Structure formats: C-alpha cells, structure tokens
Amino acid sequence: MLVVDDSPAQRRIVSAALSRWGFDVLEAHDGAAAMAICTSTPPDLVISDWVMPGMNGLDFCRMFRDMPRENYGYFILLTSKSGKEDIACGLDAGADDFLTKPVNSSELRARIAAGDRILRMERELTEKNRLIASTLQELQVLYESLNSDLVEARKLQQSLVHDRFRDFGVAQVSLLLRSSGHVGGDLVGMFPVGENRIGLYAIDVSGHGISSALMTARLAGYLSAFAPEQNLALYEVDAGRFDMRPPAETIAALNKLILDEMDTELYFTMILADVDLSCGKVDLAQAGHPHPAIQRRDGTIEWAGHGGLPVGLLPAATFEQVSFDLGPGERLLIHSDGIVECADIKGQLLDNEGLSGILSELRDIHGPACLEALTWNLSTFSGSDDFADDVSAILLEFNPHP
C-alpha cells in the first residue's frame with residue numbers, strides 16, 4: 001500500500017493507522033517519488049493527496065492508470081474538494097474513491113475494506129480467467145489433434161469407395177459419397193460376380209460421426225470386392241469361382257450377424273442388388289433404405305422396392321426382394337435419405353417428387369457429371385453447400401451395344 005502526501009504529518013497519521021490494521025505501507029512525498037515507487041514496487045492500493053506541488057494527485061492518478069501491470073490497482077484521492085465537478089474530474093482521471101480531509105479513522109478503514117474486497121474479487125476473477133484460458137488452450141490442442149485424426153479418418157473412409165466410376169462396356173456405374181461432417185455413416189460400393197454380373201450396395205448407418213464410420217468400415221469388409229471368400233453376398237461354386245446369394249438372403253444374414261455378434265445400438269438401412277449385365281435384369285432387396293429410382297428411356301420415373309425394416313433392429317425381421325429389367329438407355333439411381341430428406345430454408349423436404357424433377361432435368365447428363373449435377377441441385381434447393389445429412393448414391397446406366 002502506498003501513501004502519497006506532501007505533508008509529513010498527514011502521511012504519518014494515515015500510515016500509522018494502516019500499519020495498525022496489518023498493511024505493509026510505503027510513503028512518498030510527491031507524485032514523482034510515488035511514480036518511482038510504483039515502477040519498482042507496484043502497490044495494490046494507493047492513497048494520494050489531490051493538491052501537491054509539482055505533479056498533483058490527478059496527474060499522478062492518470063500516470064498510475066497508464067502503467068502496464070498484471071492486476072488492478074485501487075486508487076483513493078484525499079481531498080477537501082466536494083463539488084460534483086471535482087468528483088467527476090477525479091473519476092475521469094481514474095480514481096476509484098475519495099476521502100475528505102481531515103481523514104476520519106473509521107471512514108478510512110471502511111474505504112480501505114471496500115477497496116480490499118474489490119481487489120480480492122478482481123484477483124479471483126483474474127485467476128479464474130487464467131484457469132479458463134489455460135483450459136481453453138488445452139482444449140484447443142486436443143481439438144487440433146482430434147481434427148487431424150478426423151481428417152485422416154475421412155481420407156480412410158473415402159478410400160473405402162475404391163472406384164467412383166467403372167465402365168463395363170454394356171453399363172456404367174458411378175458412385176457418390178459425401179459426408180456431412182468429417183466422417184459419416186453412408187457407404188456405397190460394388191463388387192464383381194463372375195464375368196457378366198455385379199453386386200451393388202448402399203448403406204446408411206444410424207447416427208453420425210466416428211461410431212457410424214467405424215460401422216461402415218466393418219460392413220465394407222463383409223461386402224469386399226477384393227476378397228470374395230470374405231464377402232457374405234458370395235459363395236464359392238468351385239475353386240476360385242463365386243456366385244451371388246439372393247440379396248434378401250444376404251441382408252437377413254447381416255441382420256443376424258449384427259444382432260448376434262455386435263454389441264452396438266447402431267442399425268442401418270441398406271439396398272443390395274444383383275445386376276446381370278448381359279440382359280439388364282436386376283434383383284434387389286431393400287431394408288429401410290429410400291426407394292431407388294428407375295429412369296426409363298422416355299424419361300419417366302418408377303420407384304422400386306417395398307421399403308422393409310432396417311438391419312439390426314429385430315431378430316425376426318424378413319426382407320423382400322424385387323426384380324425388374326433395365327432396357328437400353330435406362331438407368332437406376334440408388335440413393336440415401338440425405339437426398340430425398342434434404343430440406344429447403346422453409347423446412348420443405350425434396351422428397352421423391354423433387355428428385356423426379358431433378359432426374360428429368362438431368363436426363364441427358366451421364367456418369368459422374370450427373371451425380372455432380374445432382375449435388376449442385378441439392379445445394380441450390382437447400383441454400384447451402386453444407387448438408388445436414390450424408391449424401392450418397394449409385395448410378396447404374398445400362399447401354400448395351402446394338
């Protein structure tokens with residue numbers, strides 16, 4: 001604590017009282033001497049006379065406030081001035097309180113106690129802010145580390161879709177996978193079944209984030225295009241030659257596997273299709289996934305499938321299968337609910353009707369360009385490039401040679 005007064009007697013009176021109350025007291029006879037002390041030993045509380053030769057109390061208070069310091073310093077002006085303009089001038093200079101001369105001991109103690117409470121609260125607040133800043137810094141480090149891991153996880157998840165476009169001569173397959181966050185719960189893919197057949201699958205795991213992404217990675221292993229002996233949809237006919245089980249049978253096997261062997265609350269919707277490229281026949285099973293769209297040669301849209309239950313909900317669930325043919329110039333779009341449940345700014349969903357309109361507009365656009373245009377239309381419809389849900393799709397275009 002610092003007492004500043006050009007009167008030695010006044011300094012001794014105030015300093016003696018403060019010392020009796022347990023405060024460490026420094027003294028200065030004018031503003032210049034006080035500033036020297038403040039520079040070397042910044043006090044928590046200053047009691048300074050207003051009227052002093054050379055640097056007066058107001059000037060000293062202004063310089064005191066301009067000093068860089070970690071904590072707040074409480075400043076009390078001693079004055080015989082009591083006018084409102086004088087008090088306003090003192091407050092404007094940075095004073096916190098005033099004491100009229102001659103100083104009353106009880107009033108001095110009360111003013112000091114009030115200042116001490118404010119300083120304690122300021123110290124506590126500073127310490128809490130310091131703790132918050134330190135915690136935020138630690139959280140930032142953790143966030144950056146997690147963000148880096150999620151970026152790598154996104155790359156790994158995207159790598160599950162090995163071929164975004166395959167030209168089989170008589171047909172072309174294009175794949176779209178776009179997560180709403182770093183990683184998502186959608187997955188699309190294909191696998192060969194002999195020379196003239198392919199399997200197509202689309203999966204949408206419940207929820208978002210890491211747990212859903214881990215589930216898609218595991219499911220990708222069960223439908224592997226590179227290890228047919230591990231693919232649940234395939235069975236070995238003879239050495240090195242595989243055939244495809246009926247899609248509904250494979251989905252039922254996945255349902256049993258999820259419920260029997262995986263301790264998880266997650267479930268997923270799915271479409272699995274067996275496509276015969278030699279004739280355009282498609283056998284397709286649907287498990288809670290949106291109805292796939294068939295675009296005929298004349299541009300009309302048909303919706304395939306019976307809906308069905310998601311995989312991983314009920315052990316007794318059964319899954320139905322449908323069959324249909326694709327003719328020359330016709331195509332099949334298998335898509336996630338992130339497309340048909342995309343909402344505009346009013347909350348209106350795109351739905352099947354809106355998707356039909358988009359497909360009609362994109363009738364003459366093919367391959368990956370068609371899926372890119374579909375994504376662009378979704379952005380225009382929703383008013384944002386950041387979709388609320390993962391967006392995925394498979395586009396099968398049948399174009400047999402004449």
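Quantities reported herein were computed from a predicted structural model and do not represent experimental measurements.
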[X], [atom1] atom: more than 12 neighbouring heavy atoms under 6.0 Å:
X	atom1	value
Glu229	CD	yes
Arg123	CZ	yes
Gln140	CD	yes
Trp303	CH2	yes
Met63	CE	no
Ile345	CD1	no

Closest non-hydrogen atom pair between [X] and [Y], with its separation:
X	Y	answer
Gly367	Glu397	N-OE1, 2.9 Å
Ser48	Met52	OG-CE, 3.7 Å
Phe75	Gly57	CZ-O, 4.2 Å
Leu272	Ala233	CD2-CB, 4.4 Å
Leu187	Leu177	N-CD1, 4.2 Å
Asp6	Pro53	OD2-CD, 3.5 Å

Quick one: [atom1] on [X] to [atom2] on [Y], what's the gap to the nearest 0.5 Å?
X	Y	atom1	atom2	value
Arg178	Asp386	CZ	CG	7.5 Å
Asp24	Leu2	CG	CG	12.5 Å
Leu139	Ile132	CG	CD1	11.5 Å
Glu85	Asp92	CD	CG	12.5 Å
Leu309	Thr318	CG	OG1	7.5 Å
Ser323	Asp276	OG	CG	11.0 Å

Check against side chain to side chain contact (heavy atoms under 4.5 Å, CB included), Val282 and Leu200 | CA-CA 10 Å; Val282 179; Leu200 303 176; over 6 Å; no

Quick one: does [X]'s side chain have a donor or acceptor within less than 3.5 Å of a partner on [Y]'s backbone?
X	Y	answer
Asn255	Leu314	yes
Asp351	Gly354	no
Gln321	Ala285	no
Ser174	Phe165	no
Ser134	Arg130	no

With a 3.5 Å cut-off and no angle check, do the side chains of [X] and [Y] form a donor-acceptor pair?
X	Y	value
Thr300	Asp298	yes
Ser224	Asn231	no
Gln172	Asn399	yes
Ser278	Asn196	no
Ser336	Asp204	no
Glu27	Ser15	yes

Should the pair [X]-[Y] be classified as a salt bridge under the 4.0 Å nitrogen-to-oxygen rule?
X	Y	value
Glu107	Arg111	yes
Asp96	Arg65	yes
Arg62	Asp66	no
Arg296	Glu330	yes
Arg197	Asp243	yes

Any non-hydrogen side-chain atom of [X] less than 4.5 Å from a side-chain atom of [Y]?
X	Y	value
Val391	Asp186	no
Phe191	Met244	yes
Val275	Phe398	no
Arg218	Leu214	no
Pro43	Ile37	no
Val173	Phe168	yes
Thr250	Tyr201	no
Asp49	Gln10	no

Worked check of side chain to side chain contact (heavy atoms under 4.5 Å, CB included) between Leu374 and Leu355 | CA-CA 9 Å; Leu374 171 60; Leu355 180 56; 4.0 Å; yes

Among pairs that include at least one residue of residues 304-362, which meet ring pair (Phe, Tyr, Trp, His ring centres under 6.0 Å), considering only residues two or more places apart or in two chains?
->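 Residue pairs passing ring pair (Phe, Tyr, Trp, His ring centres under 6.0 Å), neighbours aside: none found.
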
Hey, which of Asp116, Asp97, Ile112, Ile47 is the one that makes side chain to side chain contact (heavy atoms under 4.5 Å, CB included) with Tyr74?
->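 Option passing the side chain to side chain contact (heavy atoms under 4.5 Å, CB included) with Tyr74: Asp97.
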
Candidate list Leu333, Ile271, Val322, Ile394, test side chain to side chain contact (heavy atoms under 4.5 Å, CB included), partner Pro292, passing option |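 With Pro292 as partner, Leu333, Ile271, Val322, Ile394 yield a single side chain to side chain contact (heavy atoms under 4.5 Å, CB included), made by Ile271.
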
Can you list the steps and then say if Thr269 with Asp337 is a side chain to side chain contact (heavy atoms under 4.5 Å, CB included)?
-> CA-CA 10 Å; Thr269 65; Asp337 60 5; 5.9 Å; no

Could you please spell out the steps behind the side chain to side chain contact (heavy atoms under 4.5 Å, CB included) verdict for Val14 and Asp5?
-> CA-CA 10 Å; Val14 175; Asp5 201 311; over 6 Å; no

